Each structure stands twice: as C-alpha cells, then as structure tokens.
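Have a look at the structure below, then the notes.
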Amino acid sequence: MAAMVLAFRARALAFVAGGLAMVAWLAPTPLAMLPVPVMALVGCAMAKRVATRPLLLAPAIAALVGFFLLVREVLPAMGVLPPIGLGGSIGLSYVMFRLIQLLVDGAEGEGPAEAPLPSLMAWLLFPPSLLAGPIGRAQDFLEDLAAPAAWPSREDWMRHGAGVAGGLFGLVVLAAAPWWVFHEAMMRLDGGAPVFAGAALGFALWLWLSFAGYSRLAVSLAGLMGVRLPENFDRPWSAETMLAVWSRWHISLSDWFRLYVFNPLLKWLLGVTGATKQAHWLGALAYGGTFLLMGLWHGIGLRFALYGLLLGAAAGANKVAQTLLARRLGKAGYAALKRRRDYALASSVGAVGTFVMALAFLWLPGQAVTPGLFATLPLAALIVCAVLALLLPAGARLADRAAPVLAARQGWVVALHLAALIGALWLGLQPPPLLYQFF
C-alpha cells in the first residue's frame, strides 16, 4: 500500500515537473515563468476555502480573472512581461479555465478541492494539455492518476503512437502550405478582396490543421501516460451551422464557455425578464455576450471585440432561425428542409465562411481595421463562400472514400506520416508557427 501511495505521488510530481519545465522552456524571460505556477498555487488555495464557504466563489473568480488581465494586458504594457503571444502568458488562460471549473464545482459540493496539492497541480500543469487544452475535468484526471501505473500495452502503442505520428504530421507538414499562402497574402493585402480572401482561407486552414494536429498529439501523449483526455477537434469544416462549427473546432473550450458563461447568463436573462416564450431571442442575446467575452479573452481591443461580436451575431441568428423555422414548418418540415442538399450546402458555406471571415480580426494588424477594410469585406466574403462551395462538397466526398481505405491500412499510414515528416524536415521545411503566437 505504501509503495502504491509513493508511486502515485511520484507520478503527480513528475507531471508537475514536466509542466514547469515546459513553461521554463517556452518563457523568453525568467520573470515570464512565474505567472502560471503562482496562479495555480493561489487558485488551489482559494478552491479549498470556496469549498467550505461558497459565498467566496464570486470574489475568487474575480481575483483569478484580475490576475489573468494583469499578466496578459497590464504588465506587458508596462514592459515588465513580453506582449501577448508566445511567452506572454504560456498556458495561463487554460490554468484559469480549469481553476474556475474547480471553484464552481467546489462551491456546489462536487469538486475535488480537498485533493492533495500535488495532484491538483498535476492536473493544472499536465504537459500535454497545458498550452491549449483539452480542458478535462479534475475528477476524471485524478481517477486516472490514482490508477496503478502500467507500461503501455502493444495496443496502446499502436493506437496512441499513430496519434503522435499523425499529430506531428499535421502540425509540421499539412499546416505548412496554408501558412505559406497566408504569409504571402499578408505581404500583399493592398491587392484587394481576392488577396484578403486568400489570407483568410489560408489562416483558417492553417489554424484548423495545426490545432487538429496539436489536439491529436495531446490526447495521444496523454494516453501513453495513462491519462484520458477528451477529444478536442472534430472536422469543423463539415458542420452545417455556426454553433456546430464552433463546438467542433475547440470542443472543450466551447463546452466550458457554454457551461460557465452562456448557461448562467441565459438563466439570469430569463429570471430578469420572465419571457420564457421568447427564450430564443434571449438565447441570441446570451450568445452575443458569450462570444464577446470569448473575443476579449484573446485580447483587449476593438478587433478582438469585433471578432466576438461577429461570431455572437452569427450564433444568435443561427439559434433564432432554427426556432422560427421549426415553428413555421413544424418538426417534420424543418427536418425535411435540413435534409435537402442545397439547403445543407448553403448553411454549411454560410457557417464556415462566417467563421473564416471572423478570424481575420485576430490576424489583422490593429491599424488595418479601418473603414477601407470594411469596404473590402463584402467582396472578400463572397469569394470565400464561392471557394468553400466548391471545396466543402469535394472534400466530404474524398473523406468518405478515403476513410475506410486509411483505416484498413493504419500501419502504412503511420509509416507514411513519419517518412513525410522526416523527409520534409530533412529537405529544410520550416515548420509553421505554433498557435500560441497568435492566441
């Protein structure tokens, strides 16, 4: 029994050391290393107090958000820390998300706030999910951590090894081409709507391929360590609504904002207005507030607010349209409408196209957000939608045909991934930047 406890503690400490080593490796200055462990330690201490005194929940959350803004916005503006991006707040926002989850669960009597500090720190700083999720629940992580450690089986190596190879292939090789398109278009933004559309499509595809590779890598590395992480990416380009696009491309973050921002906000709006029959309109308003907050999470400024507002307006319109169409056509009629290929394609192109255009506010330089830019956007959006109308159906057909072939030849696929990865690096391919230089 003592040996099991010792192994449990050693494993937790190893995860903590790994997370701290990752922060130290990425931090450009010694001072930039401190915010993540400081927030984690203080947050764990607050969670224990909130578990016994739930009235402290709101002040505790406010303190975490205030510390995050201090590190993300105030100290970089003062020159104390590097600016937003790689090194500015390495993994800090995801530590904050997990701590808020821990605080809320603890206040409701459901969280493991009384778990040993090394175990909670291991969950907060777990290396595979430190930088960009997935945001798994503490209860699930602690259950896996407490299980007897075992060397991965042959099946584990085959399954998770394929994920590691595929993730690296996506991060380094697949994401390189759209990144090149984006980079080249960025240097020619004065070329008008076609160039802007090329930059928007290149950035979105790079973002999705890079994040898909990262997510697969994180889940697979965690699996080899005996930890189950939730899937965090599910082909958002195949979604047919704005809400589905968002929930497919960063699943755990979408779930977090829905659970801890959207649901409480909608509940408050319903309580204040009492307009239960107009819940779809209040839901649209709640989506607007949620996505605005999500946009400002990326950074404080007009372009981040516009990013959130555009996505919020699209999500709200999506919700209202679903409700009104279902009322007008009936459930059977609305279901029949969604099965029509032309409707499904138009809906998918509109949803994915809106997301692609909204992302532009994240990569555009702040000084580029001018009235002239807004004059370019309509034509650029039409070009983006026209390209998507061609690519989305063709990509879906190709994926349907390729999936069973690839599944039957998984060993060859892994070998090809590794060969392509090694060959590309040997030929001098410059891997595209990490996501965290933008977020």
Side-chain angles (χ1 to χ4, degrees), residues 73 83-85 177-208 210 236-237 239-246 249 284-285 287-321 342 345-392 432-433 435 437-439:
E73 303 292 336
I84 291 176
W179 173 256
W180 179 85
V181 171
F182 167 69
H183 184 263
E184 292 298 310
M186 273 289 288
M187 295 190 296
R188 300 171 175 83
L189 276 182
D190 56 356
V195 177
F196 188 98
L201 287 165
F203 182 85
L205 186 56
W206 162 78
L207 175 66
W208 277 343
S210 184
W237 50 80
E240 294 182 359
T241 66
M242 185 63 241
L243 295 175
V245 169
W246 178 260
W249 101 266
L285 187 60
Y287 276 123
T290 301
F291 277 95
L292 175 61
L293 182 62
M294 196 180 301
L296 295 176
W297 160 61
H298 288 92
I300 304 299
L302 175 61
R303 62 196 183 105
F304 299 110
L306 290 173
Y307 164 75
L309 288 172
L310 180 54
L311 288 181
N318 181 179
K319 181 64 177 177
V320 171
D342 56 345
L345 178 60
S347 180
S348 182
V349 167
V352 176
T354 300
F355 189 76
V356 169
M357 294 301 295
L359 285 173
F361 290 111
L362 297 185
W363 53 260
L364 277 170
Q367 64 272 19
V369 183
T370 63
L373 168 70
F374 289 98
T376 305
L377 289 181
L379 181 55
L382 287 175
I383 296 172
V384 165
C385 289
V387 173
L388 291 174
L390 294 174
L391 293 183
L392 291 180
L435 297 167
Q437 289 174 307
F438 288 89
F439 308 111

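Computed from heavy atoms alone, side chains included, the values below leave out hydrogens, waters and symmetry copies. Given the structure is predicted, the values throughout are model-derived calculations rather than measurements.
Nearest heavy atom pair, residue Ala284 against residue Val320, reads CB-CG2, 3.8 Å. Of all the heavy atoms in Arg303 and Leu364, the pair that sits closest is NH1-O, 2.7 Å. Shown here for Ala380 and Ala197, the closest heavy-atom pair between the two residues is O-CB, 3.7 Å. Closest approach of Val356 to Ala204, counting heavy atoms only: CG2-CB, 3.8 Å. Ser348 approaches Ala239 most closely through the heavy-atom pair OG-O, 2.9 Å. Closest approach of Leu311 to Ala358, counting heavy atoms only: CD2-CB, 3.7 Å.
For the atom pair OH (Tyr307) and CG (Leu292), the distance works out to 12.0 Å, reported to the nearest 0.5 Å. In this structure, Leu390 CG and Cys385 SG are separated by 11.5 Å, a value rounded to the nearest 0.5 Å. Once rounded to the nearest 0.5 Å, the distance linking OG1 of Thr241 with NZ of Lys319 reads 10.5 Å. To the nearest 0.5 Å, atoms CG (Asn318) and OG (Ser347) are separated by 7.0 Å. Between Leu306 atom CG and Phe361 atom CZ the span is 5.0 Å, to the nearest 0.5 Å. Residue Leu359 holds its CG atom at 9.5 Å from CG of Leu310, rounded to the nearest 0.5 Å.
When side chains are defined from C-beta on, Val181 does not count as touching Leu201, because their heavy atoms never get closer than 4.5 Å. You'll find the side chain of Pro236 stays beyond 4.5 Å of the side chain of Val352, heavy atoms only. Using a 4.5 Å heavy-atom cutoff, the side chains of Tyr287 and Leu243 are in contact. Using a 4.5 Å cut-off on side-chain heavy atoms (C-beta onward), Phe196 and Met357 make contact. The shortest side-chain heavy-atom distance between Pro432 and Trp206 falls under the 4.5 Å cut-off. For the pair Leu293/Thr290, no side-chain contact is recorded, criterion being any heavy-atom separation below 4.5 Å from C-beta on.
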Practice task
Go through Trp297 and Phe291 one step at a time and tell me if the ring-ring contact (aromatic ring centres under 6.0 Å, His included) criterion holds.
Solution key: CA-CA 10 Å; Trp297 160 61; Phe291 277 95; over 10 Å; no
Exercise for the section: Give the intermediate values and the outcome of side chain to side chain contact (heavy atoms under 4.5 Å, CB included) for residues Trp208 and Trp237. Expected result: CA-CA 9 Å; Trp208 277 343; Trp237 50 80; 3.7 Å; yes
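Taking the six-membered ring where tryptophan is involved, the planes of Phe203 and Trp363 are tilted, since the angle between them lies from 30° to 60°. Under the 30°/60° scheme for interplanar angles, the aromatic rings of Trp246 and Trp249 are found to stand perpendicular.
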